[in-house]
Structures are given as structure tokens and as C-alpha cells.
Amino acid sequence: MSIFRFPLLVWMGIAVLIISLGIRQSFGIFLTPMVESFGTGREFFSLAIAVQNLLFGLFQPLVGMAADRYGASKVMALGAIAYGSGLLMTALTTEPNWLFVSLGALVGLGLSATSYVIVLGAVARAVPPQHTAKAFGLTTAAGSFGMFAVIPGAQAMLHQFDWRFTMELFALICTLMIAFASFVKPACPSQPSEVLPEQTLKQALKEASAHRGYWFIHLGFFVCGFHVMFIATHLPAYLADQGLSAQVAAMALAYVGIFNIFGSYFWGLLGDHFDKRYVMSGLYLMRTGVIAAFVTLPVTEHTAALFGGAIGFCWLGTVPLTSGLVRQIFGARYLSTLYGLVFFTHQLGSFLGAWVGGLIFDHYGSYQPIWWTTVVMAALAAVLHLPINARPVPRLQLQPA
């Protein structure tokens, strides 16, 4: 199947992802200037980002249900408004406690309506099952371009102006998401091969909750969330502690973004040709080795760049594989809801990764304990995916191929 079959739905959704996730992944480079501006410790900023990620996940199932019922376009437009409002309020506030409302609650709500869950839910109904992981990989990869495109520009703006002006510019850019979202129309009907007996949302939730593999998927994605937000939030500060410049830190995150483009599509492509469970285990084993090597070797400009590229290659490859597993097992009808619940667990991990990173540093004066924790978690996640029963549920197996 050609990737251009639904160009407006797919490419406009990708445009929203580029802006939404590009801005989100840049928040780590704001840690030092914002902490200096407000006179707080790193834990305070980390907790604000942690609240953002927790609410991002908490809103996700509700937003997914709304998208399944009313269509992705309206939900994404409202999310873009909340996102931009939160960024603007962050730029204007002089009271640090307001960051929990602006950078935490409003941006968290905006992210929940403009990120992968909503876009992938629309894409899932536009492609046949055998191409799902590849389509998800393409969407994830292209959306990841935002991280590469936004972070160096944001660092340049911080250097030339200040963090408040940069936040105001981000708020203005969010208005573009409203325009792009208008082209992500309600998804097409399910493909002929997936004409299913009528199922209610309540029945779908009951079916998923009784499936042991669904809970293993939750646990694996929890680990992913912990990794992603700990690294995105604290890597710039960690590199600065090792004597490296802010520009080196920004480029390391940019390498994460650019290699994630290739990695997301690569892992998604593998997921269409091999068992997604084993592909996912391989991805987490790669993370285990990459993180262990980074915290063992001396930290230099070269190792920072190598780490950015290597961890980027397995950064969000979990998205097409995880969403593909949920789609493979339960079908596309309620994917936004079921994957939204899995994504909430991911954001619980993100909450802890962002917050505990700052907590550990403020307590011990070092990130080493949390780095080694991420290594152990990656190894456990590799094992968790092996016993998942990835066969479609019986009502899907009964349908004609």
C-alpha cells in the first residue's frame, strides 16, 4: 500500500506532531534559565514538568474517547488552544507556583490532544492491518522531526533573547496546529477485512482489562515514559555538570530527534515483518546497552553526540510497536481509547522520570543513581514483552482475512 493514500489526513497530522512534540521535547533546555529566573531548585522545575506529564497521561484516555466519538479534528484544535495558552501564561508569570497551572495543567491538556494517540487513532482506520506498524512508524518518524528542528532553534533564541520571549514565540507557533488540525477529518470507516460485530466502549474496555498481555504492554510503556522524560528533562543539566556547553547539550537532544526519525520507521518496519513482541524486546535490550555505556564512559562532546544518536535510534520506536500491538490484538475501532489508557501508564513513568531525576540530584548531588536505575528498568522491559499473547481476540479471528 502506498504511504500517500491518505495524504491530507496523514501529513497534516504529522505537521501537528512536529510542532507539538518538538516544543515538548525542548523543555529540558529551559531548566537552567528558568531555575535561575525563579530562584528555585531543579526539583521544582522537574516537578512542574512531571505534573505536565502526569496530566498529559491522565487526560489522554478522556481525549481519546472524545476523538473516537467526535473526530480527531475538533479535539486537536481545542488542544492546540490549551497548549498555546499554557505556554503564553508560562512566559508571563512571575510567580513560580503558577507553573503548575500553565506549564503543567494547560500544556499537559494540550499535549494530550495533539500527540500520537489522537493522530494514530485516525491513521489506524485509514490503513489495513498488515501495514499498521509501518504506517505508525512513518507517522512517529516524521513527527520526531520536530525534536531535531525545534531544539537548536530554541537554544539559539535562548542565547539571543531569553526564555520568556522563546515561550511567547512557541505560543504563537501553536496557532498553526489549529489550521493543520482542520484537515485531519474524522477517520474513514474500517477496512472491509475488519467489519466487526457492534461493540460498545464498555465492552471494549472489559475485553482489554481481562487480557493479561494488555497489562504487560502497560508496564513496558511505563518504562519507556520513565526513560524518555528523565533524559529529555535532565540530559542538558547532566552534561552541563560535566563541564559541557549548552550548545553541546542542545545538539545532543537534536541528535536524539534526527536519529529517532530513522529509528521509528525502522522499528515500525520490523514490526510489520517480525513478531512485535520480540522486536520490542530487542529495542529495550539496545537501550540497556546504550545507557550503560554512556554512564560508564567519560562524558565528552563526542560521547554526548554518540549517546544522542544511539538513544535516539531506539527513542520512540516503542510507539509504532506498542500501538501496533494494541491494534493487532483489539482492532482499530477503539484504538484511541485503549492506546490512550496505555499512554497514561507511559505518562506515569514520565512523571516519575522527570520528578525523581531532580529529586535524586538535589538529594545526592549526582544523577548516577537514577542513570543506573534506567539501565535495570530497560532490561526488565525487554523481558516483560516476551510472554504477551499477541493473537487477535476471538471476535477478530473470526473475521475473513
Side-chain angles (χ1 to χ4, degrees), residues 9 13 16-17 20-21 24 51-80 82-83 105-127 132-133 135-136 139-140 143 177 181 184 186-187 190 199-211 213-226 228-229 316 318-351 393:
L9 187 155
V16 170
L17 290 175
S20 175
L21 299 179
R24 179 210 180 194
V51 168
Q52 174 197 111
N53 282 276
L54 181 64
L55 294 178
F56 179 8
L58 186 63
F59 288 132
Q60 196 68 84
L62 303 176
V63 171
M65 292 177 193
D68 281 336
R69 182 169 182 178
Y70 301 110
S73 181
K74 295 177 182 178
V75 170
M76 292 167 69
L78 292 173
Y83 203 152
L106 284 174
V107 173
L109 175 59
L111 280 166
S112 70
T114 58
S115 61
Y116 289 120
V117 172
I118 306 303
V119 175
L120 294 180
V123 172
R125 300 188 185 96
V127 297
T132 298
F136 287 178
T139 305
T140 306
M177 291 195 286
V184 184
S190 296
Q199 184 188 41
T200 66
L201 176 59
K202 183 178 180 180
Q203 290 171 333
L205 292 172
K206 183 178 180 181
E207 180 179 73
S209 64
H211 196 288
Y214 185 62
W215 297 108
F216 285 142
I217 293 172
H218 275 265
L219 291 173
F221 223 30
F222 173 89
V223 172
C224 177
F226 192 98
V228 167
M229 282 315 298
L316 290 181
T318 56
V319 173
L321 294 172
T322 301
S323 54
L325 269 175
V326 176
R327 202 257 196 226
Q328 176 179 313
I329 297 170
F330 302 106
R333 175 64 182 88
Y334 293 107
L335 178 65
S336 290
T337 300
L338 297 180
Y339 180 51
L341 289 167
V342 175
F343 196 82
F344 171 62
T345 304
H346 179 281
Q347 293 310 107
L348 285 177
S350 296
F351 171 84
V393 293

| Between CZ on residue Phe343 and CD on residue Gln60, distance to nearest 0.5 Å |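 Those atoms lie 5.5 Å apart.
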
| Distance, nearest 0.5 Å, that separates CG of Leu62 from CG of Leu341 |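 Nearest 0.5 Å value for the CG-CG distance: 9.0 Å.
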
| field | Met229/Arg24 under side-chain contact (heavy atoms from CB on, under 4.5 Å): CA gap, chis, key distance, verdict | value | CA-CA 10 Å; Met229 282 315 298; Arg24 179 210 180 194; 3.3 Å; yes

With side chains defined as the heavy atoms from C-beta onward, is the minimum distance between [X] and [Y] less than 4.5 Å?
X      : Y      : result
Gln52  : Leu111 : yes
Ser209 : Trp215 : yes
Ser350 : Phe226 : no
Leu205 : Thr337 : yes
His346 : Thr318 : no
Phe221 : Tyr339 : yes
Cys224 : Val228 : yes
Phe56  : Phe351 : no

| ring pair (Phe, Tyr, Trp, His ring centres under 6.0 Å) partner of His218, chosen from Tyr214, Phe216, Phe222 | Tyr214

Shortest non-hydrogen contact from [X] to [Y]?
X      : Y      : answer
Ser115 : Leu21  : CB-CD2, 4.2 Å
Ala181 : Ser73  : O-OG, 2.7 Å
Pro61  : Gly57  : CD-O, 3.1 Å
Thr114 : Val16  : O-CG1, 3.6 Å
Tyr83  : Val107 : CE2-CG1, 3.8 Å
Val119 : Gly13  : CG2-O, 3.9 Å

| said: Go through it in stages, so that I can follow the logic: the residues are Ile118 and Val63, the test is side-chain contact (heavy atoms from CB on, under 4.5 Å), and I'd like the CA-CA distance, side-chain angles, deciding distance and then a yes or no. | reply: CA-CA 8 Å; Ile118 306 303; Val63 171; 3.5 Å; yes

| request: Walk me through it: do Ser112 and Leu109 pass the test side-chain contact (heavy atoms from CB on, under 4.5 Å)? | output: CA-CA 5 Å; Ser112 70; Leu109 175 59; 4.0 Å; yes

| request: For the pair Met76 and Ser20, evaluate side-chain contact (heavy atoms from CB on, under 4.5 Å) and give the outcome as yes or no after the intermediate values. | output: CA-CA 10 Å; Met76 292 167 69; Ser20 175; over 6 Å; no

| task | Begin from the C-alpha positions of Phe330 and His211 and carry the test ring pair (Phe, Tyr, Trp, His ring centres under 6.0 Å) through to its verdict. | result | CA-CA 10 Å; Phe330 302 106; His211 196 288; 5.4 Å; yes

